[in-house]
Amino acid sequence: MGCCKEQEKVEGGKCVWIHGPIIVGAGPSGIAVAACLKEQGVPSVVLERSDCIASLWQNKTYDRLKLHLPKHFCELPLMPFPLNFPKYPSKYQFISYMESYASHFNIVPRFNQTVQSAEFDPSSKIWVVRTQDFEYISPWIVVATGENAEPVIPNIHGMDLFHGPITHTSVYKSGCEYKNKKVLVIGCGNSGMEVSLDLCRHNAISHMVARNTVHVIPREMFGLSTFGIAMALNKWFPIKLVDKFLLLVSTFMLGNTNDYGIKRPKTGPIELKHATGKTPVLDVGQLAQIKSGNIKVMEGVKEITRNGAKFVDGQEKEFDAIILATGYKSNVPTWLKRCEFFGKDGMPKMPFPHGWKGEKGLYTVGFTRRGLHGTSSDALNIAKDIAQKWNTIKNNISCNSHIVLLNNS
């Protein structure tokens, strides 16, 4: 067994031993864990399937996207946002922050490494992570691919017949491409609402399908972040009481959304978010456009036709394009083998705050259903736990590098 000081030498081999943990995913979650580990003196290797960090933000988000929460709720551990950033940073400002964060902690992921499988070898008590090029081996693995790894594409009858483009919000950039066109947006979460608003502001004729119930609440109440108010109140009051307060103020500020075709769930917004991960829509102007009729709310789609869609209420309309605002899902079940820690939905079976640690050196980050705030909590816990184990074995490591070439075939 030899030691490899230069990455170029490692890339000549097929099997690589990693003394520190293997982190799968170079989004905010993976980069945050790597930074926290480095602060503890623990090396790691970050594997990323794309060619950049935060690829979801860089490649699969629309141009007008901003952080839904104030920046101090979204910063990663050990490094705040720049003081000159606005309260709600834009997509491009967040990407800039991520790149500065990675640079500050000297985190350089191994890009274009798609993990095909990862499984624990009980005989040697190590994790074997296989990509298209290498086999990485380590006592620890950190699953950081997150809740939003793959777009959800529904199977709606007649989709293959539609004459125009059908795209997912993961490839939508701006409403300027749809000027003066009739567009059907399927989905009424934050993405569906904001894409509909963006279309409206670019003179497209927007129709939005609201098949499911959803909470719409103001982004701010009394000049303060609604999320911040909810977190503060939740320290002193039961969550059901906090939800009642939020809904009372939301109705006063926005009106009864049921009157505009947006039906509220019976469970309160914060309780529902914690239980299912379904995020309430934060209003940044969408509801005003719905009230004025510029965004038309439709019931569920019965089928797609060549020229448009038929709806469950019997209406039929023509459209030039369809945008699927149908969300994302975890892809963990497709590559993490023989692991009972995750459910079929690719989410840890253990709820927050206990879902960050499994057995046999398995860790997870970014699956809390609590956004970047939950990611920070997970990253700190993981780094502290691994560091305790690392400190007991580091004296036995004689190699100058944490990446060791085992096989040069």
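Residues: numbered from 1 along the sequence shown.
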Above 12 or not: heavy atoms from other molecules or residues under 6.0 Å from [atom1] of [X]?
X    : atom1 : result
N155 : CG    : no
K181 : NZ    : no
K360 : NZ    : no
K263 : NZ    : no
E340 : CD    : no
H163 : NE2   : yes
K182 : NZ    : yes
K240 : NZ    : no

**Asked** Are E220 and Y88 close enough, and set up right, to give a side chain to side chain donor-acceptor pair (under 3.5 Å), and what steps lead you there?
**Response** CA-CA 11 Å; E220 293 190 343; Y88 298 96; 2.9 Å; yes

Report yes or no: does [X] contribute a side-chain atom to a donor-acceptor pair with the main-chain N or O of [Y] at less than 3.5 Å?
X    : Y    : value
S330 : G346 : yes
H168 : G327 : yes
T167 : L324 : no
T169 : S191 : no
N190 : P280 : yes
T334 : N331 : yes
E147 : R369 : yes
T364 : G355 : yes
N391 : A387 : yes
E271 : P269 : no

**Prompt:** How are the rings of Y97 and Y101 set to each other: parallel, tilted or perpendicular (split at 30° and 60°)?
**Reply:**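 Answer is tilted, since the angle falls between 30° and 60°.
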
Go through the side-chain N and O atoms of [X] and [Y] and say whether any donor and acceptor fall under 3.5 Å apart.
X    : Y    : value
T131 : D133 : no
K66  : S90  : no
T375 : D378 : no
Y363 : N381 : no
W17  : H19  : yes
N203 : Y178 : no
E177 : Y172 : no

Which value, rounded to the nearest 0.5 Å, describes the distance between [X] atom [atom1] and [Y] atom [atom2]?
X    : Y    : atom1 : atom2 : result
I229 : L246 : CD1   : CG    : 8.0 Å
I166 : I322 : CD1   : CD1   : 4.5 Å
I295 : L199 : CD1   : CG    : 8.0 Å
T251 : L254 : OG1   : CG    : 8.0 Å
L37  : W140 : CG    : CH2   : 9.5 Å
L372 : H68  : CG    : NE2   : 11.5 Å

Salt-bridge contact [X]-[Y] (side-chain N to carboxylate O under 4.0 Å):
X    : Y    : answer
R110 : E48  : no
K384 : E39  : no
R219 : E194 : no
K389 : D385 : yes
E150 : K329 : no

Is the distance from the ring center of [X] to that of [Y] below 6.0 Å?
X    : Y    : answer
F319 : H207 : yes
W57  : F94  : yes
F227 : F73  : yes

Heavy-atom check, side chain of [X] versus side chain of [Y], under 4.5 Å:
X    : Y    : result
V33  : I386 : no
V209 : V185 : no
L248 : K244 : no
V115 : R130 : no
V365 : V142 : yes
L67  : F81  : yes

**Item:** Stepwise ring-ring contact (aromatic ring centres under 6.0 Å, His included) test for F367 and F342
**Value:** CA-CA 10 Å; F367 294 89; F342 284 85; 5.5 Å; yes

**Request:** Applying side-chain contact (heavy atoms from CB on, under 4.5 Å), run through W335 and Q116 and close with a yes or a no.
**Result:** CA-CA 6 Å; W335 58 268; Q116 299 171 339; over 6 Å; no

Over all atoms of both residues, closest heavy-atom pair of [X] and [Y]:
X    : Y    : answer
P218 : T226 : O-OG1, 2.6 Å
A383 : Q40  : O-CG, 4.1 Å
N106 : K38  : O-NZ, 3.0 Å
C200 : N294 : SG-CB, 3.5 Å
W127 : E119 : CE3-C, 3.4 Å
P77  : A32  : CD-CB, 4.1 Å

**Message:** Assess the residue pair K337 and S117 against the criterion (side chain to side chain donor-acceptor pair (under 3.5 Å)); give the C-alpha distance rounded to whole Å, side-chain angles, the decisive distance to 0.1 Å, and a yes or no.
**Reply:** CA-CA 7 Å; K337 308 300 181 182; S117 69; over 6 Å; no

**Item:** Stepwise side-chain contact (heavy atoms from CB on, under 4.5 Å) check, Q132 with Q113
**Value:** CA-CA 7 Å; Q132 75 279 14; Q113 291 295 291; 3.8 Å; yes

**Item:** Criterion side-chain contact (heavy atoms from CB on, under 4.5 Å) on M193 and M208, from CA distance to verdict
**Value:** CA-CA 8 Å; M193 287 273 195; M208 182 185 69; 3.8 Å; yes

**Prompt:** Would K302 and H157 satisfy side-chain contact (heavy atoms from CB on, under 4.5 Å), going step by step from the backbone distance to the final call?
**Reply:** CA-CA 8 Å; K302 183 178 180 180; H157 180 70; over 6 Å; no

